[in-house]
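Remember, it's a predicted structure, so these values are computed and weren't measured experimentally. Every chain is numbered from 1, with letters handed out A, B, ... down the list of sequences.
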Number of protein chains: 2
Amino acid sequence: MAEVRHREAVAVARRLLEAEGEDALSMRRIAAELGIRAPSLYKHLDGKADLELALIIEALEEIGDVLASAAPDLGAMARAYRRYALEHPHLYVLVTQRPLPRERLPEGLEQGAARPLVEAIGDEHRARAAWAAAHGMAILELNGRFPPGADLDAAWAALVAAFGDR
Amino acid sequence: MAEVRHREAVAVARRLLEAEGEDALSMRRIAAELGIRAPSLYKHLDGKADLELALIIEALEEIGDVLASAAPDLGAMARAYRRYALEHPHLYVLVTQRPLPRERLPEGLEQGAARPLVEAIGDEHRARAAWAAAHGMAILELNGRFPPGADLDAAWAALVAAFGDR
DNA sequence: GTCTATAGTGGGATAGAC
DNA sequence: GTCTATCCCACTATAGAC
């Protein structure tokens, strides 16, 4: 099992995803970039899910870092979270908008990404609600679900105010 | 253009989606349920997106009704919203987890679904944040994104408290 | 004119030859 | 390790039955 090919495939996948979006993330495209045929990829990967898992792990680590760097100020953390989502829209969607393959994730990764927010908020349940709120704002913005003229800076500020004033 | 076939196809699509999930929502499956071949469906519909649009419209109307019935109590509205999402998980995902085909939606439908919350909250920006928060909680729960043992009743209560105490 | 079947594109995935 | 060939999926184009 050529470990190198696996890493190469993940790197190509991330580049394609971020540059051209989800539709470009096809086994045929990735294989072509590596100079081989699509079926050959399956000798190095279990399947497309394997590739996506690697991208999910990368992104969760990055999100945890981004939040930790902005902690413990809730406003700064919200801005950092929003910025990450807007700067990596296709990756953010890939990572958040589906069930987590928990059993295949490195030990502690999920908790590590969440820790800065839990510590900044204090209460566990309140922290979950705050994460859900931030994710809701981010994903609805990415999916263009707010009305065209909506002032999203104001909505984010209202969110921070709701969770920060206590 | 047989309008009847269109309605039949939408009804079959909703039944399949709710009963068996997104994967069952294939043109082949729907056509088979109607006793015709998949390509023939395209004479009655523009494509799969046409079918999904009809389901999106149905769901947005239902969500607006559900919120209006629970208004103006924020706790009741949150519980009603969550209940709708949990009772129609595949439909909720289909409707919310992608860009809205706004230009093809009936006039006022989107605003109508949002109105109960805007009126209950008062402030437009705060209402958007509250909707995003509720959507975040609902979609993360549906996608199994909270840790296994998480007390989501408590998280929803924390969310309502954050937006209600004012 | 309304219906249908056939064939072809491009996606994920697999089996088996070399 | 890579290949060809094959299968199922959504979708499109087109020709033809009636």
Side-chain angles (χ1 to χ4, degrees), chain A residues 1-57 90-91 93-95 97-101 103-104 143, chain B residues 1-57 90-91 93-95 97-101 103-104 143:
Chain A
M1 184 76 79
E3 185 59 31
V4 184
R5 277 296 205 207
H6 189 287
R7 280 197 301 274
E8 287 174 343
V10 171
V12 165
R14 174 150 188 178
R15 183 162 48 75
L16 283 175
L17 174 66
E18 301 226 37
E20 303 181 37
E22 254 185 302
D23 288 350
L25 206 60
S26 82
M27 297 301 271
R28 284 171 169 80
R29 260 313 281 287
I30 295 164
E33 297 275 333
L34 292 174
I36 62 178
R37 306 292 182 135
S40 305
L41 268 180
Y42 290 82
K43 300 291 179 175
H44 309 289
L45 312 163
D46 285 342
K48 201 182 181 185
D50 197 19
L51 226 36
E52 293 168 345
L53 175 67
L55 296 181
I56 289 169
I57 291 171
H90 301 297
L91 185 61
V93 165
L94 178 78
V95 169
Q97 211 159 40
R98 66 179 66 189
L100 245 201
E103 67 293 345
R104 306 179 61 201
N143 280 340
Chain B
M1 184 76 80
E3 183 61 30
V4 184
R5 280 296 207 206
H6 190 286
R7 280 196 302 273
E8 287 174 342
V10 172
V12 166
R14 174 149 188 178
R15 184 161 47 75
L16 283 175
L17 175 66
E18 301 226 38
E20 303 181 35
E22 253 187 302
D23 288 351
L25 205 60
S26 84
M27 297 301 268
R28 283 173 169 77
R29 266 307 287 283
I30 295 165
E33 298 275 333
L34 292 173
I36 62 177
R37 308 290 182 127
S40 303
L41 269 179
Y42 290 83
K43 298 295 177 175
H44 309 289
L45 313 163
D46 286 341
K48 201 181 180 185
D50 198 19
L51 225 37
E52 293 168 344
L53 176 67
L55 296 181
I56 288 169
I57 292 171
H90 301 298
L91 184 61
V93 165
L94 178 78
V95 169
Q97 211 160 40
R98 65 180 66 190
L100 245 202
E103 67 293 346
R104 307 178 62 201
N143 281 339

Legend entry - For atom CG of L45(B) and atom C1' of dT12(D), their distance in whole Å: 15 Å

Legend entry - Separation of dC3(D) P from R5(A) CZ (nearest whole Å): 9 Å

Using nucleotides 15-18 of chain D, report all nitrogen or oxygen pairs with the protein that are shorter than 3.5 Å.
none

Inset, instruction - State whether E22(A) and R98(B) are salt-bridged, where the test is any N-O pair (Lys NZ or Arg NE/NH1/NH2 against Asp/Glu carboxylate O) under 4.0 Å. - result: no

Legend entry - L25(A) CG to dG12(C) C1', straight-line distance once rounded to whole Å: 12 Å

Inset, instruction - Measure from CG on D50(B) to P on dC11(D) and round the result to the nearest Å. - result: 11 Å

Legend entry - Which nucleotide in dT12(D), dC3(D), dG11(C) has an atom nearest any side-chain atom of R28(A): dG11(C)

Legend entry - Side-chain heavy atoms of L17(B) within contact of L91(B), under 4.5 Å: yes

Legend entry - For atom CD of E52(A) and atom C1' of dG11(C), their distance in whole Å: 13 Å

Legend entry - Side-chain N or O of R37(A) closer than 4.0 Å to phosphate OP1/OP2 of dG1(D): no

Inset, instruction - Quick one: label S26(A) by what it contacts on the DNA or RNA (base, sugar-phosphate, nothing), any heavy atom closer than 4.0 Å. - result: sugar-phosphate

Legend entry - Closest-nucleotide 5' rank along DNA chain D - winner of Y42(B) and S40(A): S40(A)

Inset, instruction - Grab the CE-P distance between M27(A) and dG10(C) for me, whole Å please. - result: 18 Å

Legend entry - Smallest separation among heavy atoms of I30(A) and A9(A), with atom names: CG2-O, 4.1 Å

Inset, instruction - Could you check H44(A) against E8(A) for side-chain contact (heavy atoms from CB on, under 4.5 Å), going step by step and ending with a plain yes or no? - result: CA-CA 10 Å; H44(A) 309 289; E8(A) 287 174 343; over 6 Å; no

Inset, instruction - Look at the side chain of K48(B) and decide which nucleotide, out of dT12(D), dG12(C), dC11(D), has an atom nearest to it. - result: dC11(D)

Inset, instruction - May I have the distance from I36(A) (atom CD1) to dC3(D) (atom P), rounded to whole angstrom? - result: 7 Å

Inset, instruction - Rounded to the nearest angstrom, tell me the gap between atom NE2 in H6(B) and atom P in dC3(C). - result: 13 Å

Inset, instruction - Compare all side-chain heavy atoms of Q97(B) with those of N143(B) and state whether any distance is below 4.5 angstrom. - result: yes

Legend entry - Heavy-atom closest contact (A24(A) atom, L16(A) atom, distance): O-CD1, 3.8 Å

Legend entry - Nearest heavy-atom neighbours spanning A13(A) and L25(A): O-CD1, 3.3 Å

Inset, instruction - Using a heavy-atom cut-off of under 4.0 Å over every strand shown, decide if L41(A) touches base, sugar-phosphate, or nothing. - result: nothing

Legend entry - R29(A) vs A38(A), nearer the 5' end of DNA chain C by closest nucleotide: R29(A)

Inset, instruction - Would you please confirm or rule out a distance under 4.0 Å between OP1 or OP2 of dT2(D) and any side-chain N or O of H44(A)? - result: yes

